[in-house]
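For reference, the structure discussed in these notes is given below.
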Amino acid sequence: MHVCYGPGNSTVDKEAHVHVALLGGPENRDISISINHQWTLSNFAFSFANISVLTGVTATYNTGLRYGGPVSMTLGWLVVALFNGCVALSMAEICSAYPTSGGLYYWSAKLAGKEWASLASWVTGWFNIVGQWAAIASVDFSLAQLLQVIILLSTGGANGGGYMASKYVVLVICAVILILHGVINSLPIQWLSLFGHIGAIWNAAGVFVLVILIPAVAKDRPSVEFVFTHLNTDNGMGIHSKAYILAVGLLMSQFSVLGYDTSAHMVEETKNADRSGPIGIITSVVCATVFGWIYLLALTTAVTDIPYLLSPGNDAGGYAIAQALYTAFHRRFGSGAGGIACLGAVAVAIFLCGIACVTSNSRMAYAFSRDGAMPLSRVWYRVNKHEVPLNVVWLAVAVAFVMALTSLGSQVAFQAMGSIATLGMYIAYALPVFFRVTTARRSFVPGPFNLGKYGVLVGWVGVVWVATVTVLFSLPVAYPVANKETFNYTPVAVGGVLLLSVGAWVLRARFWFQGPITNTSDGPI
């Protein structure tokens, strides 16, 4: 084994590198993404930028407001945070034991047992990568929609002759954003590190400023009782059961804290991988949970007339957050320019989130192709002179654009992309945790970060929660389910991923894919 250390590295760093190399990391591959200590990526920064509560909350606030309103968001957020915390803690424990850029699919292979390792790795990997592609499409398209609303309000609003972009223009804006994200992710690793840190700082600072600004500007503020107890049942979707409405309303919170597997995919480019990886996962989730909840509270202080905010006839065309901010500033100062500026700050956060999404996906896809799991793996398993996996970066851009094309057929169909991203990634999160608490319950060897005797209990809570969320995301969100505009495409899409991945395995992949390749044996796990 040949492992190189830069000058001034600590003994702990050397041990971490040996650990990565032993697990099958790329240090001694002919083509590799090297660990450069001079430009160390921050796990926390990339995970926090990828989660980006400004992105998640802003993009899905309409959903939370429509299904349950304030109570489903403010208190529902805390419920979701508790269970998501169990998933994150279990992932962190596994990451400490297996710190490689393959992350989730590698963990499944190690934990499922020799008989099931290949299949477990294959299914986990494909759920993860499809979920990431859907996340890129969802994030960049939501940014395109927000930019369209900013233009609309800046030119007079929907009721004042403002410019309302067609769905084709929005798609073109999305394509431009995707290309920009591809170009940025083609830059050397030090630039990505810079954008990762900017993303983390911008999200934290953005939440801090907005949390102070919004309540201070809003003239008409709801009562504390309204913020924490009001249940909105006037959703216009034909759903009247309060329990059902609350259950569907939880989906906003679930989508908003997503993407913390980034730390796992970036560990091979960080110091002290078996410690920085799990710490990055936990810290990013805790910070996102706290910042997201505070941001939600601040936004809800500007909410007084829910039907109006959701109405397509308002100046923002039914974009609730945009209308709330625009109205608050207009009533206070006679101009909505301040609200538009706030939306611009959120747009920057979403743009930075999109960069982190492509970065995470490119590392995961690189590792997956490195192990021969993707069609044309030799094409994707390449890096340029700056050791950037260029081909998979542009593959992500292309696939995300194809997914965005669904917006031309049905807006509801495209909205399922958010659900596919959430479920695809959370199923990929839960599978290695499931194997950790079942097949590997007695054989699991923890790393420096571990949950001790509580590891199995916390893991089971996380697995059961993901199973519950999978059912919730698949429920109809409107009644009657009469046409393509009211049909929930999520179970079809997720079922399709499962069917195609298992079908490909049965028909072909089981004959050649034997799981992640390790350096120690030059063969599969």
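None of the values given here were measured: they were computed from a predicted structure.
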Original post:
Between S96 and A92, is there a donor-acceptor pair closer than 3.5 Å when you use the side chain of the first and the backbone of the second?
Top reply: no

Counting only pairs under 3.5 Å, give me each side-chain donor-acceptor contact of residues 428-435, with atom names and distances, residues two or more places apart or in other chains.
from: Y429; atom 1: OH; to: G259; atom 2: N; distance (Å): 3.2
from: Y429; atom 1: OH; to: D261; atom 2: OD1; distance (Å): 2.6

Subject >> Qualifying side chain to side chain donor-acceptor pair (under 3.5 Å) pairs with a residue from residues 393-402, counting only residues at least two apart or across chains >> reply: S186-W394

**OP:** Would you give the length of the straight line joining atom CG of L192 to atom OG1 of T359, rounded to the nearest 0.5 angstrom?
**Re:** 4.5 Å

Subject >> Worked check of side chain to side chain contact (heavy atoms under 4.5 Å, CB included) between L210 and L54 >> reply: CA-CA 10 Å; L210 291 174; L54 286 176; 4.1 Å; yes

Original post:
Judged by atom type as modelled, is there a donor-acceptor pair below 3.5 Å linking the side chain of D140 to the main-chain atoms of C174?
Top reply: no

Original post:
Does F444 have any ring-ring contact (aromatic ring centres under 6.0 Å, His included) partners at least two apart in sequence or in another chain, and if so, which?
Top reply: none

**OP:** Evaluate the criterion side chain to side chain contact (heavy atoms under 4.5 Å, CB included) for residue pair I420 and M403; output intermediate values, then yes/no.
**Re:** CA-CA 11 Å; I420 296 168; M403 288 181 164; 5.7 Å; no

Original post:
Taking atom OG1 of T422 and atom CZ of F473, what is their separation to the nearest 0.5 Å?
Top reply: 4.0 Å

**OP:** Ignoring hydrogens and angles, tell me if any N or O in the side chain of N361 forms a donor-acceptor pair with the backbone of C357 under 3.5 Å.
**Re:** no

Original post:
How long is the gap from CZ on F83 to CG on L250, to the nearest 0.5 Å?
Top reply: 10.0 Å

Original post:
Under 3.5 Å, side chain of N185 to main-chain N/O of I355, donor-acceptor pair present?
Top reply: yes

Original post:
Hey, is the main chain of M252 close enough, under 3.5 Å, to the side chain of S256 for a donor-acceptor pair?
Top reply: yes

Subject >> Minimum heavy-atom distance between Y295 and V207, given as atom pair plus value >> reply: CB-CG1, 4.2 Å

**OP:** Using modelled atom types only, decide if a donor and an acceptor are shared between the side chain of R370 and the backbone of Y366 within a distance under 3.5 Å.
**Re:** no

Original post:
Quick one: CG on N450 to CD1 on I94, what's the gap to the nearest 0.5 Å?
Top reply: 12.0 Å

Original post:
Tell me, do L178 and V358 make a side-chain contact under 4.5 Å, heavy atoms counted?
Top reply: no

**OP:** Taking the side chain as every heavy atom from C-beta outward, state whether P389 and R363 have any atom pair closer than 4.5 Å.
**Re:** yes

**OP:** Please check if the side chain of W133 supplies one atom and the backbone of L395 the other of a donor-acceptor pair under 3.5 Å.
**Re:** no

**OP:** First locate atom CD of Q145, then atom OH of Y319, and finally report the distance between them rounded to the nearest 0.5 Å.
**Re:** 7.0 Å

Subject >> Aromatic contact, Y105 with W126 (centres under 6.0 Å) >> reply: no

**OP:** Answer whether the closest heavy-atom distance between the side chains of I129 and M364 falls below 4.5 Å.
**Re:** yes

Original post:
So do the side chains of V170 and F141 get within less than 4.5 Å of each other, counting heavy atoms only?
Top reply: yes

Original post:
If you look at every heavy atom in Y260 and S284, which pair is closest and at what distance?
Top reply: CB-OG, 4.0 Å

**OP:** Name all residues meeting the side-chain hydrogen bond (donor to acceptor under 3.5 Å, both in side chains) criterion together with W380; count only those two or more places apart in sequence or in a different chain, and write none if there are none.
**Re:** none

**OP:** Verify whether one side chain among S419 and Y489 offers a donor that lies under 3.5 Å from an acceptor in the other.
**Re:** no

Subject >> Residues which pass side-chain hydrogen bond (donor to acceptor under 3.5 Å, both in side chains) with E93, listed by chain and number, not counting sequence neighbours >> reply: R436

Original post:
So, the side chain of N391 versus the backbone of R382: is there a donor-acceptor pair under 3.5 Å, distance only?
Top reply: no

Subject >> Minimum heavy-atom distance V466-Y426, with the two atoms named >> reply: CG1-O, 3.5 Å

Original post:
Are any non-hydrogen side-chain atoms of V494 and I427 less than 4.5 angstrom apart?
Top reply: yes

Subject >> Residue W505 excluded, over 12 heavy atoms near CH2 under 6.0 Å >> reply: yes

**OP:** Take F195 and I184 through the test side chain to side chain contact (heavy atoms under 4.5 Å, CB included) and record every step on the way to the result.
**Re:** CA-CA 9 Å; F195 279 109; I184 292 171; 3.6 Å; yes

Subject >> Those residues that, when tested against F351, pass ring-ring contact (aromatic ring centres under 6.0 Å, His included) (two or more places apart) >> reply: H181

Subject >> Atom of I281, atom of C95 and distance for their closest heavy-atom approach >> reply: CD1-CB, 4.0 Å

**OP:** Please identify each residue that fulfils ring-ring contact (aromatic ring centres under 6.0 Å, His included) with F449, with sequence neighbours left out.
**Re:** none

Subject >> Nearest non-hydrogen partners of S142 and A59, listed with the distance >> reply: CB-CB, 4.1 Å

Original post:
Are the side chains of S121 and F513 in touch, meaning some heavy atoms are under 4.5 Å apart?
Top reply: yes

**OP:** Please tell me if the side chains of S407 and K167 come closer than 4.5 Å, counting only heavy atoms from C-beta onward.
**Re:** no

Original post:
In Å and rounded to the nearest 0.5 Å, what is the CD1 to CG distance from I150 to L343?
Top reply: 5.0 Å

Subject >> Side-chain heavy-atom pair T60, L251 within 4.5 angstrom cut-off >> reply: no

Subject >> Under the side-chain hydrogen bond (donor to acceptor under 3.5 Å, both in side chains) test, residues paired with W122 that sit two or more places apart >> reply: none

**OP:** List the steps, then state whether side chain to side chain contact (heavy atoms under 4.5 Å, CB included) holds for I198 with L352.
**Re:** CA-CA 8 Å; I198 291 174; L352 293 168; 3.8 Å; yes

Subject >> Residues which pass ring-ring contact (aromatic ring centres under 6.0 Å, His included) with F401, listed by chain and number, not counting sequence neighbours >> reply: none

Original post:
Which pairs, with at least one residue in residues 347-356 and sequence neighbours excluded, count as a salt bridge (charged side-chain N to carboxylate O under 4.0 Å, His left out)?
Top reply: none

**OP:** Please report the closest heavy-atom contact between F255 and L258, naming both atoms and the distance.
**Re:** O-CB, 3.5 Å

Original post:
Is the backbone of T490 close enough, under 3.5 Å, to the side chain of N488 for a donor and an acceptor to pair up by distance?
Top reply: yes

Original post:
T124: what forms a side-chain hydrogen bond (donor to acceptor under 3.5 Å, both in side chains) with it, not counting sequence neighbours?
Top reply: S108

**OP:** Mind jotting down which residue pairs meet the side chain to side chain donor-acceptor pair (under 3.5 Å) criterion with at least one end in residues 459-468? Sequence neighbours excluded, please.
**Re:** N84-W465, Q254-W465

**OP:** Please confirm whether the backbone N or O of L111 pairs with a side-chain atom of T439, one donor and one acceptor, at under 3.5 Å?
**Re:** yes

